Amino acid sequence: MYLNIDSIKDQTYDAIVIGSGISGGWAAKELTEKGLRVLMLEKGHKLDHVTDYEYAMKDPWQTKYNGRLTEEQKESHPKLARDYPYNEMTQNYWMKDTDSNYKEVKRFDWYRPNIVGGKSIMWGRQSYRLSDIDFGANAREGIAVDWPIRYKDVAPWYSYVEKFAGISGEKLNLPQLPDSEFLPPMEMYCVEKEVRKRIEKNFPGRTMTIGRVANLSKAAQAQMGVGRASCQYRNKCSLGCPYGAYFSTQSCTLPPAAKTGRLTLRPDSVVTEVMYDENKKRATGVRIVDAVTMQPKEYYASIIFVCGSTLGSTAVLLNSKSNRFPNGLGNDSEQLGHNLMDHHFRIGASGDWEGDLDKYYIGRRANGIYVPRYRNIGNDKRDYLRGFGYQGGGSRQGWQRNIAEMSFGADYKDELTKPGPWTMGLGGFGETLPYYENRMYLDKNEKDKWGMPLVVFDAELKENEKKMRIDMMNDAKEMLESSGVKNVKAYDRGSYLGMAIHEMGTARMGRDPKTSVLNGNNQLHAVKNVFVTDGACMVSASCVNPSLTYMALTARAADFAVKEMKRKSI
C-alpha cells in the first residue's frame, strides 16, 4: 500500500488527493477504480491497518496510566488536553500543540490528527443523512446562501456509500431524518426501550431510536469483500479496529484503491499550496514540504481533490496565492475562510432509573441512542431558527461508583463486583448558523515549522444558538422526568466552536460565484479542475453528524470529475 515515492521519477499523475481521511479515502477509492493514477498526500505519519494500532488489543492494566494524561502532557499540550479526544492511548494519533500552533481571537478547539486515515480512525461514527428540510433551510429563512443542490441530488450517492461503508440502524420514515440503506440495528437496552415508549406517549411527534452508526452489526458481502468483520462490541473504536468493524480509511477505502495498482500514498507530506497556471487558467499541481526532511517538492496532476479537512483545506487554498488570486485560490467571492460552523453540545440532562437490576447487556456496545430533531418541525415554532437532536443512552454504573453506606471491607469489595444501578442521559447536538463574521484566516507574520502561516480563529456561538441551548437543556430534563427517570439533573458545561470536531463551511457551495467558492459539483467556480469535498463545502450545518454527507458528496464529485475529464471539459 505504501510506495517509496523517492524512487518514482515521474511526478505527474492523473489526480492528486490532498488528505487521507473520510473524504480523501473516498476520493482515492473512486478515482482509482475509475481508471485514474492517483497520488494521495497526507501530512501525518503512516499508520498501517491492524499492526499499527498499538493499544487496540491491550487491556487497561497494560497501559502505564490507564489512558489518563500526565501533568507534563497537560502542560505541553494545553489545547489538545482541553477535552476527551486526546489521551495516553491516542496521543500519537494527534499533532502536538507545538506542531499545530494556531491563534484564537475567540476560543476555538482545533483537533488535528497526525496519521494516515486522519479522523476516520477516531471519529464517533454516527451517520445520518441531511434532509430536504436542511438543504432548503437557508433559502426559506433568508440565511447566508441557498444550497445549489437538494436531497434528490445526493440521495442516490448516500445509498451508494452506505452500502459499502455499512450503516446499522432503524427505519423511522421521518421527513427530517431520511432513512439509510441499513444493516440490522443494534439492540437498545431495556431502560432505553422503556424511556422510548414513554417519550412517544407523552410527547407526540418525538421518538428515540438506536444510533445510526458506521459499525457493522452484521457484515454484508460488500464489507466482507475488503476483509471486514462484524462489530465485536469492545468499544475501543478510537484506538483503531483490527477487525475493520467500523468504517475507516485503512479498513474500507484504501484496500480497494491499492488493489487497483493505481494508488501512490505519500505520508509525511505537508501540502503548502495548490499551483495555478494563469495562462492555462487551471491548477497544475501542488507544492509540499516533506515533514521529515523538510525538503520542498512539487507534484502535478490534471485534477486535484482537496480533502484535508475543513480547516486544513481552507488554509491550503488561502495560502495558494497568485496574480489571478491574490487572496487565495478561487477566492473571487471573498468567502473563503468565512461562515465557519460546528455543532454546539455539552448540554442536556441525566438521572437514575430504578429497578431492572436483574437485566444487563452483552459486551460494550459502541453506540448509543438518538432522538431526532423535533423543534421547528411541522407546526412547532420557536424563538430561534433550526433545531437539535440528542445522543446518549442508558448504562449501569460500574465499580467506580461510590457506595455511601460501605466505604471499606469485604462487603464493599463484593458489592463492587456487581453492576450498579441504571442511569439514563440525553446530550444535545445543536445546529449553528453560517455567520459570515465567524471565520478563520491566515496570520501575515507567523508561520509553523513547515512554513505555513498560522491559522487564526475568530468565531463564536451567537444569540440563536444560546436561545436553542435553553430548550436543549430543559427539554432533556422534561423528557427524562416524564419517563420515570429519578434524580434528574440538567447541565450546561459550555460549548465552544471546534469542540464537537464537526467543522464546516469555510469554502461553501453555492449557485453564484459572487457569493460562494464552489458550485453544485464541489468544483471551484473559477478553477474547474479543483474540487473540495470535505466539510469546507457545507452551506449549512444541519444538526446531524456530517461525515456521511462528506462521503456521498465526494463519491458524487469524483464521478462528475471523471466524466468531465473524458469529455475534456476540465
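Computed from heavy atoms alone, side chains included, the values below leave out hydrogens, waters and symmetry copies. Every value quoted in this text rests on a predicted model; they were computed, and no experiment measured them.
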Legend entry - M95 to L80 - nearest heavy-atom pair and separation: O-CD1, 2.8 Å
Inset, instruction - Consider only side-chain N and O atoms of E564 and N521, and report whether a donor and an acceptor are under 3.5 Å apart. - result: no
Inset, instruction - Begin from the C-alpha positions of T314 and V532 and carry the test side-chain contact (heavy atoms from CB on, under 4.5 Å) through to its verdict. - result: CA-CA 9 Å; T314 303; V532 182; over 6 Å; no
Legend entry - Chi angles and distances behind the salt bridge (charged side-chain N to carboxylate O under 4.0 Å, His left out) call for K236, E54: CA-CA 12 Å; K236 291 187 172 184; E54 180 183 359; over 6 Å; no
Legend entry - Worked check of side-chain contact (heavy atoms from CB on, under 4.5 Å) between I149 and F135: CA-CA 7 Å; I149 55 176; F135 285 111; 4.2 Å; yes
Inset, instruction - Could you check if a side-chain atom of T554 sits within less than 4.5 angstrom of a side-chain atom of E30, using non-hydrogen atoms only? - result: no
Legend entry - Gap separating the CD atom of Q250 from the OG1 atom of T51, nearest 0.5 angstrom: 10.0 Å
Legend entry - Distance-only donor-acceptor check, side chains S131 and Q176, under 3.5 Å: no
Legend entry - E503 side chain to T310 side chain, donor-acceptor N/O pair below 3.5 angstrom: no
Legend entry - S120, S547, S238, C237 screened by side-chain contact (heavy atoms from CB on, under 4.5 Å) with R125, the one that passes: C237
Inset, instruction - May I ask you to check whether over 12 heavy atoms, not counting those of K218, lie within 6.0 Å of atom NZ? - result: no
Legend entry - D356 bridged to K359 by N-O distance under 4.0 Å: yes
Inset, instruction - May I ask you to test the I362-Y233 pair for a side-chain heavy-atom distance under 4.5 Å? - result: no
Legend entry - Non-hydrogen side-chain atoms of C537 and R508 separated by less than 4.5 Å: no
Legend entry - SB check D559 K34 (cutoff 4.0 Å): yes
Legend entry - Atom pair CZ (F182) and CG (L172), whose distance is rounded to the nearest 0.5 Å: 7.0 Å
Inset, instruction - Could you tell me the separation between the NZ atom of K29 and the OG1 atom of T249, rounded to the nearest 0.5 Å? - result: 12.5 Å
Legend entry - Pairwise side-chain contact, C231 with M186, heavy-atom cut-off 4.5 Å (strictly under): yes
Inset, instruction - List the atom of P434, the atom of M341, and the distance in Å for their closest heavy-atom pair. - result: CB-SD, 3.6 Å
Inset, instruction - Could you walk me through whether R112 and D99 pass the salt bridge (charged side-chain N to carboxylate O under 4.0 Å, His left out) test, one step at a time? - result: CA-CA 10 Å; R112 300 182 71 188; D99 293 340; over 6 Å; no
Legend entry - Y491/S350 under side-chain hydrogen bond (donor to acceptor under 3.5 Å, both in side chains): CA gap, chis, key distance, verdict: CA-CA 8 Å; Y491 63 87; S350 61; over 6 Å; no
Legend entry - Min side-chain heavy-atom separation D352-V485 under 4.5 Å: no
Inset, instruction - Give the minimum heavy-atom separation between S540 and W147, together with the two atoms involved. - result: OG-NE1, 2.8 Å
Legend entry - Closest non-hydrogen atom pair, T209 against M188: C-SD, 4.1 Å
Legend entry - Geometric cation-pi criterion R206 and Y374, 6.0 Å radius, 45° cone: yes
Inset, instruction - Compare all side-chain heavy atoms of M57 with those of P242 and state whether any distance is below 4.5 angstrom. - result: yes
Inset, instruction - For the pair K152 and D132, find out whether any cationic side-chain nitrogen is under 4.0 Å from an anionic carboxylate oxygen. - result: no
Legend entry - Validation row, ring centre Y189 to ring centre W353 under 6.0 Å: no
Legend entry - Nearest-0.5 Å distance that lies between atom OG1 in T264 and atom CZ in R262: 11.5 Å
Inset, instruction - Scan side-chain atoms only and decide if W422 and S395 contain a donor-acceptor pair under the 3.5 Å cut-off. - result: no
Legend entry - Lys/Arg N to Asp/Glu carboxylate O, K46 vs D48, below 4.0 Å: yes
Legend entry - K79 bridged to D109 by N-O distance under 4.0 Å: no
Inset, instruction - Please examine the side chains of I303 and F305, heavy atoms only from C-beta on, and report whether any two atoms are closer than 4.5 Å. - result: yes
Inset, instruction - Return yes when atom NZ of K96 has more than 12 non-hydrogen atoms of other residues, nucleotides or ligands closer than 6.0 Å, and no otherwise. - result: no
Inset, instruction - Starting at CG of L426, measure out to CE of M473 and round the result to the nearest 0.5 Å. - result: 13.5 Å
Legend entry - salt_bridge(D179, R129) N-O dist < 4.0 Å: no
Legend entry - Neighbour count >12 (heavy atoms, 6.0 Å) for atom CD, E354: no
Legend entry - Donor-acceptor pair between S23 and D534 side chains, under 3.5 angstrom: no
Legend entry - side-chain contact (heavy atoms from CB on, under 4.5 Å) between V226 and F164, intermediate numbers included: CA-CA 10 Å; V226 291; F164 181 78; 4.2 Å; yes
Inset, instruction - Any chance you could measure T90, atom OG1, to L239, atom CG, to the nearest 0.5 Å? - result: 7.5 Å
Legend entry - Ionic contact status for E192 with R365, cut-off 4.0 Å: yes
Inset, instruction - Report yes or no: is the cationic atom of K58 (NZ for Lys, CZ for Arg) under 6.0 Å from the centre of the six-membered ring of Y55, at an angle within 45° of the ring normal? - result: yes
Inset, instruction - Would you please indicate yes or no on a ring centroid separation below 6.0 angstrom for Y86 and W94? - result: no
Legend entry - N545 versus Q391, side-chain donor and acceptor atoms under 3.5 Å: yes
Inset, instruction - Take T207 and E200 through the side-chain hydrogen bond (donor to acceptor under 3.5 Å, both in side chains) test and state the conclusion after the steps. - result: CA-CA 5 Å; T207 189; E200 292 177 346; 2.4 Å; yes
Legend entry - N173, CG atom: more than 12 neighbouring heavy atoms under 6.0 Å: no
Inset, instruction - Say whether S180 and E162, considering side chains only, have a donor N or O and an acceptor N or O under 3.5 Å apart. - result: yes
Legend entry - Shortest non-hydrogen separation from R373 to C543 and the atoms involved: CB-SG, 3.9 Å
Legend entry - F388 and Y390 aromatic centres sub-6.0 Å: yes
Inset, instruction - May I ask you to test the K43-I18 pair for a side-chain heavy-atom distance under 4.5 Å? - result: no
Inset, instruction - Please work out whether the ring planes of W26 and F247 are parallel, tilted or perpendicular, with thresholds of 30° and 60°. - result: parallel
Inset, instruction - Could you tell me whether E194 and R198 make a salt bridge, using a distance below 4.0 angstrom between a side-chain N and a carboxylate O? - result: yes
Legend entry - Trace of the side-chain contact (heavy atoms from CB on, under 4.5 Å) decision for V154 with L130: CA-CA 9 Å; V154 192; L130 270 65; over 6 Å; no
Inset, instruction - Kindly say whether the aromatic ring centers of Y128 and Y370 come within a distance under 6.0 Å. - result: yes
Inset, instruction - State plainly whether the residues R37 and D14 are in salt-bridge range, i.e. N to O under 4.0 Å. - result: no
Legend entry - cation_pi(R68, Y65) dist<6.0 Å, angle<=45: no
Legend entry - Minimum-distance pair of heavy atoms, taken over all atoms of M551 and A165: SD-CB, 4.4 Å
